[in-house]
Amino acid sequence: MNRKLQILAAEEHIDDGDPKVLQLANDADPQAIEVCLNDIERIDLVFPKFTDGRAYSQAFLLRRRLGFKGDIRATGDVLIDQLVQMQRTGFSSAVLKEGVDASDAQRQFDRFAAFYQGDAVETAPVFSR
């Protein structure tokens, strides 16, 4: 499966109070919102610092255990180095930290074009695909 993480510049990210968009703090349990997932189109997960990776676990839980099919968006202190791992753990879009050039992001995906192990979206390892 060839999926592409949508990369947004900081000014492209709009938070207009849409009720179908949920902002989940990085210390919140995604399983607590399971009952309302059918009403949600996008979940924004926050990276308060690039060294705080709890949102990776949240994204993985949302995709694999809870079966969320909507947009999982990374916000906050998002750097280019994190994008490949974000895609592998279930994020579908990411808002780059202000001042980070999105044109450099494609190099990360070119450098790491395939993985032996399965991930949050493509669960089968490469040998069984």
Side-chain angles (χ1 to χ4, degrees):
M1 176 176 170
N2 189 7
R3 63 194 185 284
K4 180 99 167 131
L5 183 74
Q6 180 185 10
I7 300 167
L8 305 166
E11 59 272 6
E12 293 176 291
H13 176 64
I14 298 170
D15 179 13
D16 59 2
D18 186 337
K20 293 189 178 279
V21 175
L22 178 67
Q23 295 170 359
L24 194 62
N26 74 336
D27 60 352
D29 181 0
Q31 294 178 349
I33 62 165
E34 184 174 10
V35 296
C36 68
L37 285 179
N38 289 335
D39 300 328
I40 303 295
E41 292 177 2
R42 186 180 90 208
I43 299 175
D44 293 350
L45 300 178
V46 181
F47 286 85
K49 296 180 182 180
F50 77 94
T51 57
D52 186 339
R54 290 179 283 183
Y56 292 116
S57 298
Q58 290 174 314
F60 188 85
L61 285 170
L62 286 163
R63 284 282 184 239
R64 287 287 295 273
R65 291 202 185 146
L66 302 177
F68 182 67
K69 302 289 185 208
D71 182 14
I72 300 176
R73 181 170 291 180
T75 64
D77 196 12
V78 176
L79 303 176
I80 289 173
D81 299 10
Q82 300 166 291
L83 297 176
V84 172
Q85 186 64 20
M86 286 177 180
Q87 180 174 285
R88 297 195 74 217
T89 55
F91 286 94
S92 48
S93 63
V95 180
L96 292 175
K97 179 179 174 179
E98 196 167 322
V100 176
D101 187 0
S103 64
D104 293 331
Q106 187 56 45
R107 282 187 290 199
Q108 287 296 93
F109 293 102
D110 293 343
R111 186 176 298 135
F112 302 103
F115 296 92
Y116 184 77
Q117 311 91 342
D119 58 37
V121 178
E122 183 62 60
T123 59
V126 72
F127 69 85
S128 68
R129 292 182 209 159

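For the single chain, residues carry numbers from 1 onward in sequence order.
Heavy atoms from other residues, nucleotides or ligands lying under 6.0 Å from CD of Glu98 number 12 at most.
Rounded to the nearest 0.5 Å, atoms CD (Gln23) and CD1 (Ile43) are 11.5 Å apart. Rounded to the nearest 0.5 Å, atoms CD (Glu41) and CG (Asp39) are 10.0 Å apart. Annotation: the span from Leu62 atom CG to Glu34 atom CD amounts to 10.0 Å, rounded to 0.5 Å. Here the straight-line distance linking atom CZ of Arg64 with atom CG of Asp119 works out to 8.0 Å at 0.5 Å rounding. Put simply, CZ on Arg65 and CZ on Phe60 are 7.0 Å apart, with the number rounded to the nearest 0.5 Å. The structure places CG of Leu22 at 8.5 Å from CZ of Phe68, a figure rounded to the nearest 0.5 Å.
Residue Ile80 is grouped with residue Val84 when hydrophobic side chains (ILVMFWY) are merged at heavy-atom distances under 4.5 angstrom, including chains of intermediate members. In the hydrophobic clustering of ILVMFWY residues, with side-chain heavy atoms under 4.5 Å counting as a link, Val95 and Ile40 come out apart. A single hydrophobic cluster is not seen to contain both Val46 and Ile7; linkage of ILVMFWY side chains at heavy-atom distances under 4.5 Å, directly or through other members, places them apart. Cluster annotation: Leu37 and Leu61 are assigned to distinct hydrophobic clusters (Ile/Leu/Val/Met/Phe/Trp/Tyr, side-chain heavy-atom contacts under 4.5 Å, transitive). Taken together through direct or relayed side-chain contacts under 4.5 Å among Ile, Leu, Val, Met, Phe, Trp and Tyr, Ile33 and Ile72 form part of one hydrophobic cluster.
Here the closest non-hydrogen pair linking Arg54 and Asp27 is NH1-CB, 3.8 Å. Residues Met86 and Ala74 come closest through the heavy atom pair SD-CB, 3.6 Å. Heavy atoms only, all atoms of each residue included: Leu5 and Gln87 are closest at N-OE1, 3.0 Å. In plain terms, the two heavy atoms of Gly90 and Arg63 that are nearest each other are O-NE, 2.8 Å.
For the pair Phe47 and Leu79, the minimum side-chain heavy-atom distance is 4.5 Å or more. Counting heavy atoms from C-beta outward, Asp44 and His13 have side chains that approach closer than 4.5 Å. Side-chain contact between Leu83 and Leu96 is present, with heavy atoms from C-beta onward closer than 4.5 Å. Looking only at side-chain heavy atoms (C-beta outward), Val78 and Val100 stay at 4.5 Å or farther from each other. In this structure, Thr75 and Asp15 have side chains that are not in contact, with every pair of non-hydrogen atoms separated by 4.5 Å or more.
For Asp77 (side chain) and Phe50 (main-chain N/O), a donor-acceptor pair under 3.5 Å exists by modelled atom type. Judged by distance alone, the side chain of Gln58 and the main-chain N or O of Ala25 form a donor-acceptor pair under 3.5 Å.
Using a 4.0 Å cut-off between charged side-chain N and carboxylate O, Asp71 and Arg73 make a salt bridge.
Below 30°, between 30° and 60°, or above 60°: for Tyr56 and Phe91 the angle between ring planes is above 60°, a perpendicular geometry.
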